[in-house]
Peer 1: 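Got a structure for you, written out below as C-alpha cells; questions coming shortly.
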Amino acid sequence: MRYDIQRAAMGWARSVSLAIFALCSLGATHAQQAPLKIMVNDVEKQIYLPATIAKRLGFFEEQGLQVELLSDASGRQDGTDALFSGTVNAVVGFYDHTIDLQARGKFVQSVVQFSRVPGEAVLVASEQAASIGSPADFAGHRLGVTGLGSSTQVLIRYLALKHGVRLSDFVITPVGSGAGFVTAMKSGYIDAGMATEPTITQLLRTGSADLLVDLRTPQGSVQVFDGLYPGACLYMETAWIDTHRLQVQKLVNAFVKALRYIDAHSALEIAALLPPDYFVGDRAQYVDALAFGKSMFIADGRMPESGPPTVLRVLKTVQHALKSKAIDLSKTYTTDFVDAAP
C-alpha cells in the first residue's frame, strides 16, 4: 500500500514538472516570437530602401523573425530617443549618430552598413539660383534640413564651414522630408536645403530647384569629403547586441540579402516591389532617381575601412564638443555579423 502511494506521488510530481516545463517553454516561444521593432526615419526615402526590400520580399520571415518597421517623418530624425527608451530594438538611420552618441557616453553600433555615401544633395530654390552659386554664398539665407540634430544639418553646417561661412551667418530650419521639404522650397520658405531621393529628382524635374552639391555617388562624396562618408545603416545599443546575438545575426542576414538583391536587380525591377505612394506621383521619375543613385549601396553590408575616420573628421569640424573627446571608432560599428551572413 505504501509503495502504491509513493508511486502515485512520484507520478503526480512528474506530471507537475512536465506541466511547468511546458508552460515555461510556451512562454519562451512567445517571447521569441515577440516582434522586433525597427525605427526607420521616413521609410520612403531611397537611402533606406533595404529595409523595405527585406520586408516586402519576406527576408525577415525567412530568418524566423517578426519585424515591425516604424516610420518617423516628424523631424526627430535620428530615432535614438525611441531606441534608448526601449520603444524600438534598432534604428535604420545614419552611421554618424554612433559617433555622436559615444561622445555623450552612449554606445551603439552599426551592424550592417547600407551605403557608402550620404545619398543626399543640396538644392537651391530656382528663384535663388543667382544668389547662391556655392556653399560660400549661404550667408544671409534660410537653409532647410530634415530635422534639428539630423545628418542633413551636420552636412549643411560642414559645407558652410568648409567654404568659410560662419554658422551664425545663416539660419537652419527643419522642414521634414518629402512633401514638407517640397512645400518649403516651392513656397520660398527656404532658399536652399539638403534633401534625399525621390525629393531631389522631383524638385529638379519640375524646375523648382537647381542642384548645388551632389552627395548621391561615391565620386561626389570623395570630392566634398576627400573620402567616402558612410550614411544609412542599421544600428542598435551595444549592450543589446551583446545579449541578443542570434537575433542580431538573423536581422543582418535579412538586410544583407536585401542589399544583394538591390545590387543584382535593375531600378525598374526594384520599383515593381514598392507601394505606389513611394513614387510621389511619378513612377518613371522614381526609377530614374534610383538608377542614378544605386551605386551608393554596399552589396555585402561591410563598412568601408576609410569611412569612419572621414565621418569623425567631419563631425569634429562641425561639433566643437567632439574635439576634446577620445572616440573609439572600433566601438561604433562591427563587421562580425555581415562576415557571418550566408
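For reference, positions follow the sequence shown, starting with 1.
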Peer 1: Ring centres of Phe114 and Phe255 under 6.0 Å apart?
Peer 2: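 Yes, ring centres under 6.0 Å apart.
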Peer 1: Going by an N to O cut-off under 4.0 Å, is there a salt bridge joining Glu120 and Arg216?
Peer 2: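 The answer is no: the pair does not qualify as a salt bridge.
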Peer 1: Same hydrophobic cluster for Phe181 and Val122, using side-chain heavy-atom links shorter than 4.5 Å among ILVMFWY?
Peer 2: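 No, because Phe181 and Val122 fall into different hydrophobic clusters, even though each may have its own neighbours under 4.5 Å.
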Peer 1: Salt bridge or not for Arg302 and Asp339, using N-O below 4.0 Å?
Peer 2: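 Salt bridge: yes.
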Peer 1: Mark yes or no for whether Ser266, through its side chain, and Glu269, through its backbone, hold a donor-acceptor pair below 3.5 Å.
Peer 2: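 Judged by distance alone, yes, a pair lies under 3.5 Å.
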Peer 1: Please identify each residue that fulfils side chain to side chain donor-acceptor pair (under 3.5 Å) with Ser208, with sequence neighbours left out.
Peer 2: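 Ser208 satisfies side chain to side chain donor-acceptor pair (under 3.5 Å) with Thr206 only.
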Peer 1: Determine the interplanar angle of the Tyr286 and Phe279 rings, folded into 0 to 90°, and report it as parallel if under 30°, tilted if 30 to 60°, perpendicular if over 60°.
Peer 2: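 The arrangement is perpendicular - the two ring planes meet at more than 60°.
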Peer 1: First locate atom OG of Ser151, then atom CG of Asn41, and finally report the distance between them rounded to the nearest 0.5 Å.
Peer 2: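 That separation rounds to 9.0 Å.
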Peer 1: For the ring pair Tyr235 and Phe94, is the centre-to-centre distance below 6.0 Å?
Peer 2: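 Between Tyr235 and Phe94, the centre distance exceeds or equals 6.0 Å.
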Peer 1: Does this structure show an ion pair linking Arg260 with Asp263, if we count only N-O contacts that are shorter than 4.0 Å?
Peer 2: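 No, no charged N to carboxylate O under 4.0 Å.
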Peer 1: Taking NZ, NE, NH1 and NH2 as the nitrogens, is one of them in Glu62 or Lys257 under 4.0 Å from a carboxylate oxygen of the other?
Peer 2: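 Yes, Glu62 and Lys257 are salt-bridged.
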Peer 1: Answer yes or no: does atom NZ of Lys316 have more than 12 heavy-atom neighbours from other residues, nucleotides or ligands under 6.0 Å?
Peer 2: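 Correct, the count exceeds 12.
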